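This report concerns only the one structure given below.
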Amino acid sequence: MQIHNLGFPRIGAKRELKFSLEKYWRGDISQSEFLAQSRNRRHSNWKIQHDAGIDLLSVGDFAHYDHVLNTTLLLGLIPDRFTSHKHDDNNLLDLEFRAARGQAATGCQYAASDMTKWFNTNYHYIVPELSSTLVNSQSDVNVDALLAQFSDAQQVSDNRKIVLVGPITYLYLSVVKQEEKLFLLPTLLKRYQEVLTKLALTGVEWLQLDEPALGLELDNEWQQAFSQTYSTLDKGSLKLLLTTYFASIDHHVDLIKDLPFDGVHIDTIAEKTNLNTIIKRLPESWIISLGVVNGRNVWKTDLVSVYQKVLPLYRQLGERLWLAPSCSLLHSPVDLEQEQKLDEEFKSWLAFAKQKCQELALLKRAIISENSDEITLYSSRALARCVSKRIHNEAVKSRVKQLTVEDFQRAQPFAERKIIQQSSLNLPLLPTTTIGSFPQTSDIRETRAKWRKQEISDAEYTALIQAEIKETIERQEAIGLDVLVHGEAERNDMVEYFGELLEGVTFTQFAWVQSYGSRCVKPPIIFGDISRKKQMTVEWINYAQSLTDKPVKAMLTGPVTILAWSFVRDDLSREKVTKQIALAISDEVKDLIAKGTKIIQIDEPAIREGMPIKHSQWQHYLSWATASFCLSAAKAPSNTQIHTHMCYSEFNEILLAIIALDADVLTVETSRSNMALLDAFEQRAYPNDLGPGVYDIHSPNVPSVEWMVNLLEKAQRYIPQERLWVNPDCGLKTRSWDETKLALENMVLAAKQLRASSR
Ligand code: GLN
Ligand code: ZN
């Protein structure tokens with residue numbers, strides 16, 4: 001029985017890859033130095049896995065930037081637009097970085113590729129831009145780099161497999177201009193075929209083809225495409241491991257069972273799956289690889305319970321059974337051993353990527369010897385978390401239990417609230433505002449860093465942040481905005497800031513996970529019942545409000561977003577955890593209101609990405625997610641205006657849920673799509689106030705007054721002027737003050753111009 005990984009974190013325990021990348025991009029190291037460092041990185045990643053007891057090593061899971069982009073390079077499908085400047089050195093590495101981020105270490109600037117989230121994770125992949133000209137072009141597939149890695153890995157072990165994104169998932173995730181995606185499939189398959197043939201010739205035995213798209217409820221066309229793909233591809237001497245994760249595939253067993261695979265990987269963690277039934281229906285020659293260790297969480301596995309489930313299968317399948325984590329360990333932090341500040345009890349509950357490999361090795365030994373002694377102690381540590389006093393807070397649990405329908409609803413409907421708010425806030429037509437954050441200057445970052453290291457006192461820190469707030473308020477008044485914000489200078493990150501102020505949430509020193517390219521995040525760990533330690537924002541907001549007669553909008557992060565961007569306990573449903581967070585946020589809402597705050601924004605940029613893989617489960621998720629948001633806001637009396645903010649453009653599919661949030665004002669990203677998002681409102685009018693972003697904060701370009709007037713005029717076709725707000729499409733923390741000032745001045749002028757013309 002082999003144990004293997006679908007993939008391992010690339011970044012390194014100390015984020016070595018991040019630092020190599022950034023040095024190379026800055027020109028601090030040469031290309032050959034960079035390539036040597038990345039080669040070392042791969043080598044140590046294999047070594048860690050091998051030393052932990054992994055039998056079958058994966059090659060091809062590593063990427064400098066992203067594995068989907070690697071597939072694009074491998075297939076020779078980098079769009080021509082990245083090679084248009086003939087004087088740029090078109091070596092593959094720089095081509096890779098140009099496609100990923102618009103720029104390599106040298107050469108011209110290009111518009112970077114689109115990036116989006118990999119299924120329901122927080123990892124972003126580079127969206128393949130396919131077109132018939134490109135797929136039909138004569139460009140070659142590039143297997144050399146992959147094969148060189150395959151041969152490098154032999155220094156660690158002979159037992160290796162190659163990992164690739166499968167053609168159906170690749171095509172499914174691509175953007176295709178004009179033509180239908182499936183129309184491109186036959187030519188795309190020719191490229192996959194070339195790759196497969198070359199791999200087979202080099203003596204690769206196992207090829208892991210990742211097809212997480214199989215977890216979706218594929219329609220008939222895609223199902224046909226799937227079976228056409230795998231009946232067409234000639235695998236030669238290769239053995240194919242069809243690899244699925246993030247969802248069950250019980251619904252697609254008929255689709256796969258007659259295709260020429262040699263094995264399948266099934267995620268047993270993400271959803272309930274009926275293994276016995278599936279296995280009975282699959283060919284007797286297939287390897288059955290079971291994902292039994294959670295690849296997306298940080299908790300130790302209860303190995304005894306896995307043992308009990310797997311042992312009968314081992315007796316039945318013998319060598320046909322392989323074990324692995326549920327999905328690639330890309331989504332786990334690297335190594336728990338580095339953590340020095342966690343107390344021993346807490347640390348004893350955790351397992352990161354390296355420890356997850358060790359878990360598999362322990363499990364394998366137990367199963368082969370049919371002896372669970374060694375894992376009994378381990379499991380008792382894993383289970384200790386669920387009974388520890390530290391995770392339980394009866395008061396919080398009973399608050400959740402006692403919730404009633406009223407706790408989720410504002411006292412009056414929007415139409416009535418609107419009149420009350422209008423008379424108390426007295427805002428002009430087309431009020432102007434921003435999304436919350438203002439430029440985070442290096443001074444601000446330094447202030448926060450010094451305070452964290454206790455180099456400055458609390459009092460000094462407060463004075464410095466207050467000075468920032470004061471300046472931000474003055475600047476907004478000078479620009480002429482109607483609803484002001486305090487600027488979020490005290491926040492490094494919108495989830496981390498609240499996480500640190502909540503009971504039941506903790507932080508590590510090094511549990512970094514790749515988000516995209518060289519960017520890593522260190523998600524909070526939600527381990528227990530959640531409550532507020534103390535007021536979280538009131539003091540800053542009060543101070544900001546004391547400086548101005550204009551209303552200052554308070555800024556909170558919503559419960560669904562806090563959940564989505566954290567590692568979450570698994571002994572309580574996500575729904576219940578979110579309700580607990582919502583109650584903590586609602587406590588803050590209450591305190592803000594008691595101190596006179598009239599406008600509160602509760603940001604929920606992550607509602608959409610938390611959606612389950614299967615469409616049939618969306619409704620259930622959306623109903624508890626929106627309920628949690630409502631719970632955090634419902635206690636606000638009618639004269640308090642609740643805003644929410646989201647930043648994504650595919651809106652149509654969750655429009656009803658967004659309406660159900662019943663926020664008084666919704667600000668959204670729309671400017672990049674030229675207000676195309678508002679098309680959704682053709683079918684169903686948005687009933688409350690709406691602020692469709694009138695400029696893209698991701699671009700340093702200062703938008704002109706005419707441009708924004710034009711967008712607003714477009715918006716007015718969908719939403720009456722009386723319910724329209726004027727704002728940028730996201731927070732301004734990554735921008736500089738110079739461009740922010742000019743852009744917002746133009747935005748205010750645009751609003752004034754429209755007000756004047758509508759008089
Ligand atoms: N209030 C946050 C900000 O302005 C919102 C960030 C977000 O939408 N991701 O930075
Ligand atoms: Zn945003």
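These numbers were taken from a predicted model, which means no experiment stands behind them. This chain uses plain numbering: 1 for the first residue, then up along the sequence.
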Lys47 NZ: over 12 foreign heavy atoms closer than 6.0 Å: no
Can we call the ring centroids of Phe346 and Phe527 under 6.0 Å apart? yes
Do Ile585 and Ile562 touch side chain to side chain, with heavy atoms closer than 4.5 Å? yes
Of the options His64, Glu16, Gln514, which is the one that meets Arg10 in a side-chain hydrogen bond (donor to acceptor under 3.5 Å, both in side chains)? Gln514
His124 vs Tyr65, ring-ring contact (aromatic ring centres under 6.0 Å, His included): CA-CA, chis, key distance, verdict: CA-CA 10 Å; His124 302 67; Tyr65 206 96; over 10 Å; no
Taking atom CD of Glu588 and atom CG of Leu501, what is their separation to the nearest 0.5 Å? 8.5 Å
Between Phe119 and His331, is the gap from one ring center to the other below 6.0 Å? no
If you apply the rule salt bridge (charged side-chain N to carboxylate O under 4.0 Å, His left out), what do you find for Arg399 with Asp407, and how did you get there? CA-CA 11 Å; Arg399 265 185 92 183; Asp407 294 311; over 6 Å; no
Is the closest side-chain donor-acceptor distance between Ser518 and Glu22 under 3.5 Å? yes
Would you check, one step at a time, whether the test side-chain hydrogen bond (donor to acceptor under 3.5 Å, both in side chains) holds for Ser58 with Lys161? CA-CA 5 Å; Ser58 295; Lys161 67 171 172 331; 2.8 Å; yes
Main-chain N/O of Pro605 paired to Asp603 side chain as donor or acceptor, under 3.5 Å: no
Could you go through the side chain to side chain contact (heavy atoms under 4.5 Å, CB included) check for Arg381 and Trp349 one step at a time? CA-CA 6 Å; Arg381 274 193 235 119; Trp349 298 343; over 6 Å; no
In sequence, state the C-alpha distance, the side-chain angles, and the governing distance for Trp565 and Glu609, and then conclude on side-chain hydrogen bond (donor to acceptor under 3.5 Å, both in side chains). CA-CA 10 Å; Trp565 292 348; Glu609 72 190 56; 2.6 Å; yes
Taking NZ in Lys533 as the centre, count heavy atoms belonging to other residues, nucleotides or ligands within less than 6.0 Å. Is the count above 12? yes
Between Gln2 and Asn159, is any pair of side-chain heavy atoms under 4.5 Å apart? yes
Please walk me through it: do Ile600 and Ile593 pass side chain to side chain contact (heavy atoms under 4.5 Å, CB included)? CA-CA 9 Å; Ile600 302 173; Ile593 293 168; 3.9 Å; yes
Considering all heavy atoms, the nearest Phe408-Cys630 contact: O-CB, 3.3 Å
Check the side chains of Ser348 and Glu345 for a donor-acceptor pair under 3.5 angstrom, ignoring hydrogens and angles. no
Expected output: side-chain Ser437 to main-chain Lys733 donor-acceptor under 3.5 Å: yes
Do the two ring centres, one from His43 and one from Phe62, sit under 6.0 Å apart? no
Between the main-chain N or O of Glu488 and the side-chain N or O of Gln440, is there a donor-acceptor pair closer than 3.5 Å? yes
Under the 3.5 angstrom rule, does the side chain of Thr561 hit a backbone N or O of Thr557 as a donor-acceptor pair? no
Residue pair Arg385, Asp302: steps toward the salt bridge (charged side-chain N to carboxylate O under 4.0 Å, His left out) verdict: CA-CA 11 Å; Arg385 166 169 59 97; Asp302 171 7; over 6 Å; no
Are there more than 12 heavy atoms of other residues, nucleotides or ligands under 6.0 Å from atom NZ of Lys347? yes
Interatomic spacing from NZ in Lys300 to OH in Tyr378 - rounded to 0.5 Å: 4.5 Å
Indicate yes or no: does Lys522 engage Asp493 in a salt bridge with an N to O separation below 4.0 Å. no
Atom CH2 of Trp451: over 12 foreign heavy atoms under 6.0 Å: no
Donor-acceptor pair, side chain of Ser531 and main chain of Glu503, under 3.5 angstrom: no
I need the Asp28 CG to Ser20 OG distance, nearest 0.5 Å. 11.5 Å
Considering only NZ, NE, NH1 and NH2 on the basic side and carboxylate oxygens on the acidic side, decide whether Arg42 and Asp61 come within less than 4.0 Å. no
Mind jotting down which residue pairs meet the ring pair (Phe, Tyr, Trp, His ring centres under 6.0 Å) criterion with at least one end in residues 291-314? Sequence neighbours excluded, please. none
Is the ring pair Trp118/Phe246 parallel, tilted or perpendicular, if the boundaries are 30 and 60 degrees? perpendicular
Quick one: does any side-chain atom of Ser457 pair with a main-chain N or O of Glu460 as donor and acceptor, under 3.5 Å? yes
With heavy-atom distances below 4.5 Å as the criterion, would you say the side chains of Leu363 and Leu323 are in contact? yes
Is the closest basic N to carboxylate O distance between Arg296 and Asp570 below 4.0 Å? no
Examine the side chains of Ser289 and His265 and answer whether a donor and an acceptor come within less than 3.5 Å of each other. yes
Quick one: are the ring centres of His4 and Trp322 less than 6.0 Å apart? yes
Let me confirm one number: the CG-NZ distance from Asn45 to Lys354, rounded to the nearest 0.5 Å. 12.0 Å
For the side chain of Lys450 and the backbone of Arg445, is there at least one donor-acceptor N/O pair under 3.5 Å apart? no
I would like to know whether Trp46 and Val59 meet side chain to side chain contact (heavy atoms under 4.5 Å, CB included); could you show each step before the answer? CA-CA 9 Å; Trp46 287 319; Val59 178; 3.9 Å; yes
For Gly517, is there any backbone N or O sitting under 3.5 Å from a side-chain donor or acceptor partner on Lys18? no
Are the side chains of Leu556 and Gln601 in touch, meaning some heavy atoms are under 4.5 Å apart? no
Donor-acceptor contact present, side-chain Thr301 to main-chain Leu303, <3.5 Å: no
Roughly how far, to the nearest 0.5 Å, is CG of Leu362 from SG of Cys357? 11.5 Å
Test log, rule salt bridge (charged side-chain N to carboxylate O under 4.0 Å, His left out), inputs Glu374 and Arg365: CA-CA 9 Å; Glu374 207 184 350; Arg365 273 209 297 277; 2.8 Å; yes
Could you walk me through whether Ile456 and Leu464 satisfy the side chain to side chain contact (heavy atoms under 4.5 Å, CB included) test, starting with their C-alpha distance in whole Å, then the side-chain angles of each, then the deciding distance to 0.1 Å, before giving a yes or no? CA-CA 10 Å; Ile456 53 174; Leu464 286 166; 4.0 Å; yes
Please check if the number of heavy atoms outside Lys117 that lie under 6.0 Å from its NZ is greater than 12. yes
With no hydrogens and no angle check, is any side-chain donor or acceptor of Ser379 less than 3.5 Å from a backbone partner on Thr376? no
To the nearest 0.5 Å, atom NZ of Lys614 lies from atom CD of Gln617 at 6.0 Å
Would you say the side-chain atoms of Asn5 and Gln49 include a donor-acceptor pair closer than 3.5 Å? yes
Can you confirm whether Gln155 is buried at CD, in the sense that more than 12 heavy atoms of other residues, nucleotides or ligands lie under 6.0 Å from that atom? yes
